[in-house]
*Asks:* 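For reference, the structure I am asking about is given below.
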Amino acid sequence: MPCDDPLVIFTPSGKRGRFPEGTAVLDAARRLGVDLDSVCGGRGICSRCQVKPSFGEFPKHGIRAVESNLSEWNAVEERYRSKRGLRKGRRLGCQAKLMGDVVVDVPPESQVHKQVVRKSASARRIELAPATRLYYIEVEQPDMHVPTGDLERVRKALAEQWEIHNAQIDFGLLKSLQSRLRDGAWSATLAIHSAPDQIAPRIVAVWPGFYEGKIFGVAIDLGSTTIAAHLCDLSDGSVLAAAGRMNPQIRFGEDLMSRVSYSMLNASGAAEMTDAVVEAVDESIAEVAKEANVDFSAILELVVVCNPVMHHLFLGIDPVELGQAPFALAAADSINATARDIGLKNPPASARLYTLPCIAGHVGADAAAVVLSEEPHQTVDRVLVVDVGTNAEIIFADRNGVLACSSPTGPAFEGAQISSGQRAAPGAIERIEIDPASKDPRYKVIGCDLWSNEDGFETASVATGITGICGSGIIEAVAEMRMCGLLDKSGLVGSSAQTGSPRCRADGRTNSYVIRDSELSGERPIAVTQADIRAIQLAKSALYAGAKLLMEEAGVSTVDRIVLAGAFGAHISPKHALVLGMIPDCDLEKIVSAGNAAGTGARIALCNVNARREIETVVRSIRKIETAVEPKFQEHFVNANALPHATDEFPNLSRHVALPDTAFNAPGTAGGGGRRRRKRR
């Protein structure tokens with residue numbers, strides 16, 4: 001296609017392409033394999049192809065998108081909006097046509113295969129000491145001879161009956177206090193919030209008479225790619241419902257620095273991103289409340305954990321200072337606020353919101369939540385905790401203390417920037433094994449229990465299709481290629497002549513490995529390209545370099561155990577992680593998954609006010625290493641490009657896997673396997 005054709009970039013998939021001017025967004029999505037629903041054939045009847053375009057400067061993509069880069073709002077869209085309603089900022093993909101470069105987000109409800117955000121709550125015994133509790137009081141009736149107000153008599157009752165003194169109340173609640181006292185015949189149940197930094201307890205809800213119901217809280221893990229919410233019963237800490245969704249801010253940039261750049265280059269950029277994420281959190285709260293059949297009025301506590309950029313954007317603070325040294329936070333300490341302060345609409349305005357403290361400018365409240373959950377500060381051995389995500393948080397601890405850093409791994413581990421990559425959704429390849437003799441793969445897809453070489457697989461996978469490869473799948477694919485000799489130590493894919501596999505096919509100047517052929521499926525082929533390998537190498541090198549910096553700072557060369565945290569970390573095979581060199585060498589049996597440790601830390605803080613005091617104290621003792629300004633980070637990064645590593649030994653891995661010593665770009669190697677450099681004269 002001509003290079004001046006409009007470029008469309010779809011989020012959250014990251015798929016992109018150029019199409020002739022006037023191409024409908026829906027047609028472009030179909031040709032790229034983007035998961036955009038439609039049942040009416042593009043006639044503007046079903047409205048399932050709703051998309052949300054974004055406009056402004058996108059330096060990462062090298063484009064500037066303006067509203068005129070899409071065709072004008074038309075009569076079909078206006079008819080649908082007037083009859084059924086169309087949310088602000090949305091267009092119908094079948095009607096909006098490409099007139100210039102644009103970034104288009106496909107919201108969850110417009111996707112055929114809904115994203116599987118795997119941040120489920122892990123079973124965890126949590127000591128209960130919630131900040132918000134219920135108190136039943138009986139209040140003296142008013143007396144014209146004793147001129148006191150209803151609020152003053154409520155305070156008196158709290159002091160005499162519960163020894164709670166000087167209770168404050170939000171103005172919104174004060175308006176309804178008199179009617180609720182009278183409805184309850186001068187008795188009421190109060191929800192009172194007491195936090196470590198509060199001068200006085202606060203009344204956050206009032207029910208007439210004796211309230212027989214329960215009160216609830218929501219723990220929210222607000223990641224740069226995904227949002228996970230867990231509705232908890234504050235009387236016993238149990239998780240009643242969980243919901244996960246993609247972070248809609250992906251349309252402004254897949255990585256954090258892209259979002260900071262968007263804020264720098266667009267006057268209303270920070271406000272746009274704040275509105276998007278607050279709306280998504282509100283929708284997550286609504287989803288868990290509906291699932292558990294809980295009334296919003298009983299959701300009185302929110303705890304949010306997130307990285308520093310997300311922390312600022314959620315709170316409505318411009319993150320521009322986090323994009324440049326010295327990476328100053330607006331506030332590093334924990335934040336106590338209300339739902340109204342943030343602009344949330346679903347919980348009551350007086351519901352209390354707490355964010356854990358941030359550790360540093362690039363190490364946030366999510367890392368603090370991991371510390372609260374995994375307690376590395378209590379360890380006596382050498383432990384490395386890695387929360388794998390778009391922005392990896394790495395913690396090293398031994399008996400001498402705790403160190404922490406953040407490493408910009410990017411979205412490749414999430415399936416983005418991969419040629420056949422996608423988020424974890426039904427139809428995505430999540431597991432793969434390659435036979436060392438035949439070099440043929442077998443794989444599993446999300447939504448189907450069978451392996452691809454088992455009888456009935458093709459029939460069983462019809463419902464989901466085989467649509468691409470997600471993060472855990474690409475990790476295993478690259479590692480399996482290395483173990484089978486399809487990939488050399490430098491990360492170069494061999495040719496069919498070099499590897500003996502017809503699945504290794506020429507792809508321009510490099511080679512690709514075909515996992516699923518289009519001749520078999522009738523669909524687009526699913527392959528691992530040389531560019532995919534490079535994206536994984538860059539991501540894993542950043543992760544390893546961060547861990548290496550912490551270990552050097554601690555004066556150690558090995559670790560006793562490694563904890564993989566995060567939704568993605570829970571699905572990583574330790575063996576494949578070592579083959580790639582994502583993490584330092586360690587006994588395979590000592591590499592364990594902690595599941596969504598940040599989410600667990602959020603639930604602990606939600607259910608136990610003493611845990612909040614604990615993490616606020618522990619965070620002050622953690623030593624922070626800033627990878628962005630550490631001179632040795634680049635050296636470690638370059639050495640970590642090799643698979644598994646250019647210089648570091650992996651004796652534990654060697655006991656389980658013998659990696660072939662292949663070099664496809666070596667002089668004299670037959671078959672071609674990459675571009676050779678010219679000798680300088």
Side-chain angles (χ1 to χ4, degrees), residues 6-12 14 25 50-73 77 81 85-91 96 98-108 222-225 227 245-284 304 306-324 327-331 335 337 339-346 353 355 361 364 390-391:
L7 173 68
V8 59
I9 301 164
F10 287 97
T11 62
V25 170
Q50 289 185 32
V51 295
K52 185 164 186 176
S54 294
F55 305 107
E57 299 286 347
F58 296 89
K60 180 177 178 180
H61 304 309
I63 67 170
R64 179 173 182 269
V66 295
E67 291 193 29
S68 60
N69 287 5
L70 280 181
S71 59
E72 292 184 0
W73 181 266
E77 292 172 300
R81 186 199 63 77
L86 196 62
R87 286 168 64 174
K88 185 179 179 182
R90 293 208 175 169
R91 298 289 303 272
L98 301 175
M99 309 304 292
D101 298 344
V102 68
V103 176
V104 176
D105 184 56
V106 181
L222 179 52
S224 40
T225 303
I227 302 171
R245 64 180 53 231
M246 305 307 295
N247 186 333
Q249 287 183 346
I250 289 174
R251 67 178 181 266
F252 303 106
E254 291 172 330
D255 60 88
L256 295 174
M257 287 304 103
S258 293
R259 295 180 202 177
V260 172
S261 296
Y262 187 84
S263 177
M264 289 178 174
L265 297 173
N266 298 278
S268 61
E272 287 180 65
M273 290 186 282
T274 294
D275 290 345
V277 77
V278 168
E279 181 181 357
V281 168
D282 239 343
E283 290 171 351
S284 296
V304 178
C306 43
N307 61 57
V309 172
M310 292 309 311
H311 172 275
H312 279 40
L313 287 172
F314 178 65
L315 296 175
I317 301 169
D318 195 321
V320 63
E321 293 299 330
L322 296 173
Q324 54 199 3
F327 315 112
L329 289 153
I335 301 289
R340 178 186 55 243
D341 295 332
I342 306 302
L344 293 168
K345 297 185 173 96
N346 284 331
L353 181 140
T355 68
T390 306
N391 197 62

*Asks:* Is it the case that the side chain of D282 and the backbone of K345 share a donor-acceptor pair, with hydrogens and angles ignored and the cut-off at 3.5 Å?
*Replies:* yes
*Asks:* Tell me whether R81 contacts the main-chain N or O of L86 through its side chain, where contact means a donor paired with an acceptor under 3.5 Å.
*Replies:* no
*Asks:* Give a yes or no on whether the backbone of L313 and the side-chain of T274 come within a donor-acceptor separation of less than 3.5 Å.
*Replies:* yes
*Asks:* Is the backbone of E77 close enough, under 3.5 Å, to the side chain of R91 for a donor and an acceptor to pair up by distance?
*Replies:* no
*Asks:* Taking all heavy atoms of F252 and all of A276, pick out the closest pair and write down the distance.
*Replies:* CE1-CB, 4.2 Å
*Asks:* Return the CG to CZ distance between N266 and R64, rounded to the nearest 0.5 Å.
*Replies:* 8.5 Å
*Asks:* Quick one: does any side-chain atom of T355 pair with a main-chain N or O of I335 as donor and acceptor, under 3.5 Å?
*Replies:* yes
*Asks:* Could you pull out the closest heavy-atom pair between M99 and P6, with the gap in Å?
*Replies:* C-CG, 4.0 Å
*Asks:* Once rounded to the nearest 0.5 Å, what's the spacing between atom CE of M310 and atom CZ of R259?
*Replies:* 6.0 Å
*Asks:* Decide yes or no for K52 and P248: does some side-chain heavy atom of the first lie under 4.5 Å from some side-chain heavy atom of the second?
*Replies:* no
*Asks:* Given 3.5 Å as the limit, does a donor-acceptor pair link the side chain of E321 with the main chain of A328, or not?
*Replies:* no
*Asks:* Could you walk me through whether V104 and I9 pass the side chain to side chain contact (heavy atoms under 4.5 Å, CB included) check?
*Replies:* CA-CA 6 Å; V104 176; I9 301 164; over 6 Å; no
*Asks:* Mind checking the CD-CZ spacing from E279 to R87? Nearest 0.5 Å is all I need.
*Replies:* 4.5 Å
*Asks:* Heavy atoms only: give me the nearest P319-V309 pair and the separation to one decimal.
*Replies:* CB-CG1, 4.2 Å
*Asks:* How about CD on E72, more than 12 heavy atoms from neighbouring residues, nucleotides or ligands closer than 6.0 Å, or not?
*Replies:* no
*Asks:* Within this structure, what is the OG-CD distance for the pair S263 and E57, rounded to the nearest 0.5 Å?
*Replies:* 13.0 Å
*Asks:* Any side-chain donor-acceptor pair under 3.5 Å between T225 and N247?
*Replies:* no
*Asks:* So, for G343 and V278, which heavy atoms are closest and what is the spacing to 0.1 Å?
*Replies:* O-CG1, 3.8 Å
*Asks:* Does D101 reach the main-chain N or O of L7 with its side chain, forming a donor-acceptor pair under 3.5 Å?
*Replies:* yes
*Asks:* Report the C-alpha distance between V103 and I63 in whole Å, list the side-chain angles of each, state the deciding distance to 0.1 Å, and finish with yes or no for side chain to side chain contact (heavy atoms under 4.5 Å, CB included).
*Replies:* CA-CA 9 Å; V103 176; I63 67 170; 3.9 Å; yes
*Asks:* Nearest 0.5 Å, what's the OG-CD1 distance between S54 and I250?
*Replies:* 11.5 Å
*Asks:* What are the two closest heavy atoms between F58 and A65, and how far apart are they?
*Replies:* CE1-CB, 4.1 Å
*Asks:* Tell me whether R340 at atom CZ has more than 12 heavy atoms from other residues, nucleotides or ligands lying less than 6.0 Å away.
*Replies:* yes
*Asks:* Using every non-hydrogen atom in the two residues, find where G361 and L322 come nearest and quote the distance to one decimal.
*Replies:* O-CD2, 3.5 Å
*Asks:* Yes or no on side chain to side chain contact (heavy atoms under 4.5 Å, CB included) for V25 and V102, after CA distance, side-chain angles and deciding distance?
*Replies:* CA-CA 10 Å; V25 170; V102 68; 5.8 Å; no
*Asks:* Measuring from F55:CZ to S268:OG, what's the distance to the nearest 0.5 Å?
*Replies:* 12.0 Å
*Asks:* Given side chain to side chain contact (heavy atoms under 4.5 Å, CB included), test L222 with H311 step by step and report yes or no.
*Replies:* CA-CA 8 Å; L222 179 52; H311 172 275; over 6 Å; no
